[in-house]
Each structure stands twice: as C-alpha cells, then as structure tokens.
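In each ligand, atom 1 is the first atom listed, and ligand 1 is the first ligand listed.
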Amino acid sequence: MKKIVVFASGSGSNFEAIQQAILNKKINAKIELVVCDKQKAFVLQRAINHNIESLYVNLKKCGSKEVYEQIIVDKLDEIKPDLICLAGYMKRIDKTILNKYEGKIINIHPALLPSFKGAHGISDAFNYGCRVFGVTVHYVNENFDEGKIIMQRAFEYNGSDINEVEEMIHKIEHVLYVESINKII
Ligand code: GRF
C-alpha cells in the first residue's frame with residue numbers, strides 16, 4: 001500500500017478529504033504522517049481524530065530553515081513516503097527537502113496557475129474581476145507555485161460574493177486532490 005505524508009498549516013479540510021477517500025476505499029493508500037508548522041492548526045486535531053501521527057516543528061526554535069527541514073527529512077526518511085501532499089502548507093519547500101524528495105511532492109492551489117500564484121489566490125482572482133475560477137494540482141519545485149501541472153478544474157462564476165467563490169473552490173479541491181493522487185499512485 002502506498003504511503004502518503006500530508007503537510008498542512010491550517011484547517012486541514014483537504015487532509016480530511018484525502019483521509020475520507022482512503023476510508024471510503026477511493027484511494028488505495030495510507031496517510032502515515034501529518035507535518036505541521038503551526039501548533040494551533042486544526043489539522044493537528046483532525047490527525048488525532050483519525051489516529052494519524054503528526055509532527056509539529058517550530059521554525060523559530062530551529063533557528064534556521066535548514067535545521068527545520070532536516071528534522072522533517074529525518075522523519076520522512078524513516079517513513080519513505082511514496083507521495084507528499086501539501087495541503088494548505090504555508091511555507092516554501094527548500095533544498096533540504098527538495099534534494100531528496102523532488103518529484104514526489106505535490107501541491108493544491110486555489111487558482112488556475114500560472115495566474116494568481118501566492119497565498120491569496122482566491123481573493124486576488126476575485127478582486128481582479130475574474131469570471132472563471134479554478135483549482136490547480138501541481139508538482140512542487142524550487143519556484144513557488146510553478147511546478148508541472150497535474151490537473152486543473154475551472155468553473156464560471158458571474159456573481160459578486162467571494163464567500164460563494166471560496167465555497168465552490170474548496171468543493172472542487174476536495175474532489176480534484178483525490179483524483180490527482182489516484183492519477184499518480
Ligand atoms: C486550500 O485552499 C489550498 O488550495 C491552499 O490552502 C487551502 C488549505 O485549506 N493551498 P485546508 O487547510 O485544506 O482546509
């Protein structure tokens with residue numbers, strides 16, 4: 001069975017969607033670990049709820065990004081994951097992790113890349129006045145939000161409520177991430 005590690009910093013609704021797909025036998029894999037950089041992130045509670053191990057690493061206490069990433073790499077080397085899924089992980093993946101795991105790391109972004117990179121994809125697209133929104137799943141490389149695209153899904157929206165857009169995007173994310181994982185594994 002394939003081993004998945006999820007990196008997340010926040011609510012973890014994408015982690016939950018992946019785990020539910022596993023429980024419903026829509027993905028033939030196991031989430032071995034959740035890596036998190038925020039002590040209060042709800043994803044940590046979700047991991048407990050599913051009896052999944054988590055690793056919280058505090059960057060400030062590590063002193064440098066290299067040390068921070070090395071702690072994560074040591075754990076990854078023990079697990080030997082087939083796939084690493086970034087799901088709302090708010091840090092850049094640097095060399096220490098990439099040198100060993102590039103090609104196995106994917107990310108989900110709430111916009112149609114290469115448009116609206118960065119941490120505010122939804123509001124940036126909305127404030128631009130877009131009428132088509134969407135989600136991208138892509139490989140992770142050294143350039144933020146720039147790796148090879150795996151899957152994208154778009155929808156038209158002509159209303160004026162950003163909350164509605166956000167809701168539609170998250171709904172798509174939870175389906176598209178599962179489809180993308182299956183495409184790879
Ligand atoms: C998602 O919108 C994802 O596309 C972005 O961060 C958000 C994470 O949401 N990278 P959640 O923590 O999975 O609920």
Side-chain angles (χ1 to χ4, degrees), residues 4-24 26-27 29 31-50 52 54-57 72 83-94 97-98 101 104-128 130 132-155 157 161-184:
I4 295 176
V5 171
V6 174
F7 284 35
S9 306
S11 147
S13 70
N14 281 283
F15 158 80
E16 190 72 41
I18 296 166
Q19 175 61 9
Q20 288 303 335
I22 289 171
L23 293 174
N24 294 330
K26 288 184 184 146
I27 298 176
I31 301 178
E32 298 284 344
L33 179 73
V34 172
V35 173
C36 182
D37 60 327
K38 296 268 182 290
Q39 198 169 19
K40 292 193 173 148
F42 186 58
V43 72
L44 291 170
Q45 182 57 48
R46 292 187 195 264
I48 291 169
N49 296 346
H50 290 289
I52 292 172
S54 59
L55 172 68
Y56 159 67
V57 192
I72 296 170
L83 189 64
I84 295 169
C85 301
L86 310 189
Y89 178 65
M90 300 308 284
K91 285 189 169 47
R92 183 189 299 268
I93 299 288
D94 286 340
I97 292 177
L98 270 182
Y101 288 97
K104 288 190 172 177
I105 312 174
I106 64 174
N107 179 46
I108 188 156
H109 183 75
L112 294 169
L113 293 174
S115 293
F116 307 112
K117 296 172 186 170
H120 308 287
I122 301 177
S123 54
D124 288 349
F126 186 85
N127 293 332
Y128 190 87
C130 286
V132 173
F133 296 84
V135 174
T136 304
V137 177
H138 64 95
Y139 282 102
V140 171
N141 65 16
E142 68 281 5
N143 302 315
F144 214 52
D145 292 337
E146 274 188 22
K148 189 172 180 286
I149 290 172
I150 299 160
M151 287 185 88
Q152 288 186 307
R153 192 150 297 155
F155 63 94
Y157 178 77
D161 182 355
I162 190 167
N163 297 317
E164 229 167 54
V165 176
E166 267 179 29
E167 209 173 291
M168 289 162 95
I169 284 180
H170 293 314
K171 232 182 193 168
I172 291 176
E173 284 185 333
H174 300 158
V175 175
L176 195 72
Y177 219 177
V178 170
E179 286 179 25
S180 302
I181 290 169
N182 271 326
K183 198 171 167 190
I184 294 167

Ligand 1 contact by Glu16, heavy-atom criterion under 4.0 angstrom
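False for this residue.
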Heavy atom of Ala8 under 4.0 Å from ligand 1?
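Under 4.0 Å: no for Ala8.
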Please check if the number of heavy atoms outside His50 that lie under 6.0 Å from its NE2 is greater than 12.
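Enclosed: over 12 neighbouring heavy atoms sit under 6.0 Å from NE2 of His50.
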Identify the heavy atoms of [X] and [Y] that sit nearest to each other, and give their distance.
{"X": "Leu98", "Y": "Asn141", "answer": "CD1-C, 3.7 Å"}
{"X": "Ile106", "Y": "Val140", "answer": "C-CG2, 3.9 Å"}
{"X": "Ala111", "Y": "Thr136", "answer": "O-OG1, 2.7 Å"}
{"X": "Ser9", "Y": "Cys36", "answer": "CA-SG, 4.4 Å"}

Under 3.5 Å between any N/O of Gly10 and any N/O of ligand 1: does that happen in this structure?
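No.
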Could an N or O of ligand 1 be found under 3.5 Å from any N or O of Asn107, whether backbone or side chain?
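Not met; the criterion fails.
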Who's the nearest protein heavy-atom neighbour of [atom], and how far?
{"atom": "atom 11 (P) of ligand 1", "result": "Ser13 N, 3.4 Å"}
{"atom": "atom 9 (O) of ligand 1", "result": "Asn14 ND2, 3.8 Å"}
{"atom": "atom 12 (O) of ligand 1", "result": "Gly12 N, 2.7 Å"}
{"atom": "atom 6 (O) of ligand 1", "result": "Gly88 CA, 3.3 Å"}
{"atom": "atom 10 (N) of ligand 1", "result": "Ile108 O, 3.0 Å"}
{"atom": "atom 3 (C) of ligand 1", "result": "Glu173 OE2, 3.2 Å"}

Can you find a side-chain donor-acceptor pair between [X] and [Y] that sits under 3.5 Å?
{"X": "Glu146", "Y": "His138", "answer": "no"}
{"X": "Ser11", "Y": "Arg46", "answer": "yes"}
{"X": "Glu167", "Y": "Asn163", "answer": "no"}

List ligand 1 atoms under 4.0 Å from His170, heavy atoms only on the residue side.
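That gives atoms 2 (O) of ligand 1.
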